[in-house]
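These numbers were taken from a predicted model, which means no experiment stands behind them. A, B, ... follow the sequence lines: proteins, then strands. Residue 1 opens every chain.
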Amino acid sequence: MPEGHTLFRLAADLQSAFGDRQVSATSPQGRFSESAALIDGRLVESAESAGKHLFLRFDNEQILHVHLGLIGGFRIASAPVSPPVGQVRLRLVGPSSYADLRGATTCELISAAELEEILARLGPDPLRSDADPERGFARLHKSGKSVGALLMDQRVLAGVGNIFRAESLFRARLHPLTPGNRISRRRWNALWTDLVALMAYGVETGRIDTVRSEHEPEVMGREPRVDKHGGEVYVYRRAGLACHVCGTRVKTQVLEGRNLYWCSTCQRRR
DNA sequence: TCAAGATGATCAG
DNA sequence: TGATCCTCTTGAT
């Protein structure tokens, strides 16, 4: 589930497994062999995430940059090491655990300057303590594109994906086709504050739960139902089903190649 | 057993 | 806007 909270957890897990330890690095698939040789046997100094990007710093100034994309995965397992299964782009092996990277959109070694360029391109990440939500508002507010499209733009908000988009807009009672330049600062601040809480909860639990009684008085007392993606949500992938709050059937539409979900009663166009 | 679709982003045209 | 990367889960057959 590669939204920002997944990468944040992954970075913490990699730090725990390999931080301050020497690792062997190989590319069983072969596509990353030359680069893997440059970090083979080196010490992992730190692992961190920014939005959906993952960075591992090594003690020879090499930085591993990974973006999982839609289908990628980076799985950590305990020793003993098993033979690689499938297309393993990169395998890291530490003293007590190992990790296999598959299907990633990006797996490359970069310099500190290139890392800074990537961070500069990204909008504020609700999970990072150094995030400045004002930068996101500035980008959102000058665009006539829909807020549904802008929330998926990593230059506006880093780490928000299709689930957090659908759910945060529902919770804000905002119609996804509202133009960004019609979003007030007050509404943006509320959206940001909610995303900070939702994503932090995702880091804590490893799942996306947005229907929570402490946030939503109207659903208190109702038995929670876990959806197929592992959490409970209001609208995401619930097209044609009744809205948990008002009973209206949840709508769906493809927006810029991605499926959008919303309740036309709770999220009226203004 | 197999095909389709998905939590993403980039590039060519 | 469509193709591409090429994994994993789900649902249909």
Note to self: I'd like to check A:Leu127 versus A:His5 (side-chain heavy atoms, cut-off strictly below 4.5 Å). Are they in contact?
What the structure shows: yes
Note to self: Any heavy-atom pair between the side chains of A:Leu157 and A:Leu191 that's under 4.5 Å?
What the structure shows: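 No, too far: nothing below the 4.5 Å cut-off.
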d([atom1], [X]; [atom2], [N]) in whole Å:
X	N	atom1	atom2	answer
A:Arg237	C:dT9	CZ	P	13 Å
A:Leu151	B:dG8	CG	P	12 Å
A:Leu70	C:dC5	CG	P	14 Å
A:Gln87	C:dC8	CD	P	11 Å
A:Met199	B:dT7	CE	P	16 Å
A:Leu260	B:dT7	CG	C1'	14 Å
A:Asn259	B:dG8	CG	C1'	13 Å
A:Met152	B:dT7	CE	P	7 Å

Margin query: Do A:Asn189 and A:Arg186 pair up side chain to side chain, a donor and an acceptor below 3.5 Å, judged on atom types alone?
Written below: no
Next item on the list: Tell me yes or no: between the side chains of A:Glu114 and A:Ser111, is some donor less than 3.5 Å from an acceptor?
Entry: yes
Next item on the list: List the atom of A:Pro176, the atom of A:Ser146, and the distance in Å for their closest heavy-atom pair.
Entry: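 That would be O-CB, 3.4 Å.
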Next item on the list: Check the pair A:Glu48, A:Arg57 against salt bridge (Lys or Arg N to Asp or Glu O under 4.0 Å), reporting the backbone distance first and the verdict last.
Entry: CA-CA 9 Å; A:Glu48 65 174 310; A:Arg57 292 175 190 266; 3.6 Å; yes
Side chain of [X] only, heavy atoms from C-beta on: which candidate in [options] is closest?
X	options	answer
A:Asn162	B:dG8, C:dT7, B:dA6	B:dG8
A:Tyr236	B:dT7, C:dT7, B:dA9	B:dT7
A:Arg75	B:dG8, B:dT7, C:dC8	C:dC8
A:Glu3	B:dG8, B:dA6, C:dT9	B:dG8
A:Pro2	B:dT7, B:dA6, B:dA9	B:dT7

OP1 or OP2 of [N] under 4.0 Å from side-chain N/O of [X]:
X	N	answer
A:Lys52	B:dT7	no
A:Gln154	B:dA9	yes
A:Arg258	B:dT7	yes

Notebook entry, point to check: Within the structure shown, what part of the strands sits under 4.0 Å from A:Gly73 by heavy-atom distance: base, sugar-phosphate, or nothing?
Noted result: nothing
Check: Starting at the 5' end of DNA chain C, what dot-bracket string do you get if Watson-Crick and G-U pairs under 3.5 Å are bracketed, crossing pairs use [ ], other-strand pairs use | and unpaired bases use dots?
Finding: |||||.||||||.
Note to self: In whole Å, measure the gap between the P atoms of C:dC5 and B:dC2 for me.
What the structure shows: 23 Å
Check: For A:Asp59 and A:Arg42, what are the C-alpha separation, side-chain angles and deciding distance, and is it a salt bridge (Lys or Arg N to Asp or Glu O under 4.0 Å)?
Finding: CA-CA 6 Å; A:Asp59 65 348; A:Arg42 308 303 306 201; 3.0 Å; yes
Item checked: Option from A:Arg91, A:Arg75, A:Arg89 for which salt bridge (Lys or Arg N to Asp or Glu O under 4.0 Å) with A:Asp100 holds ->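 Of all the options given, the one that passes is A:Arg91.
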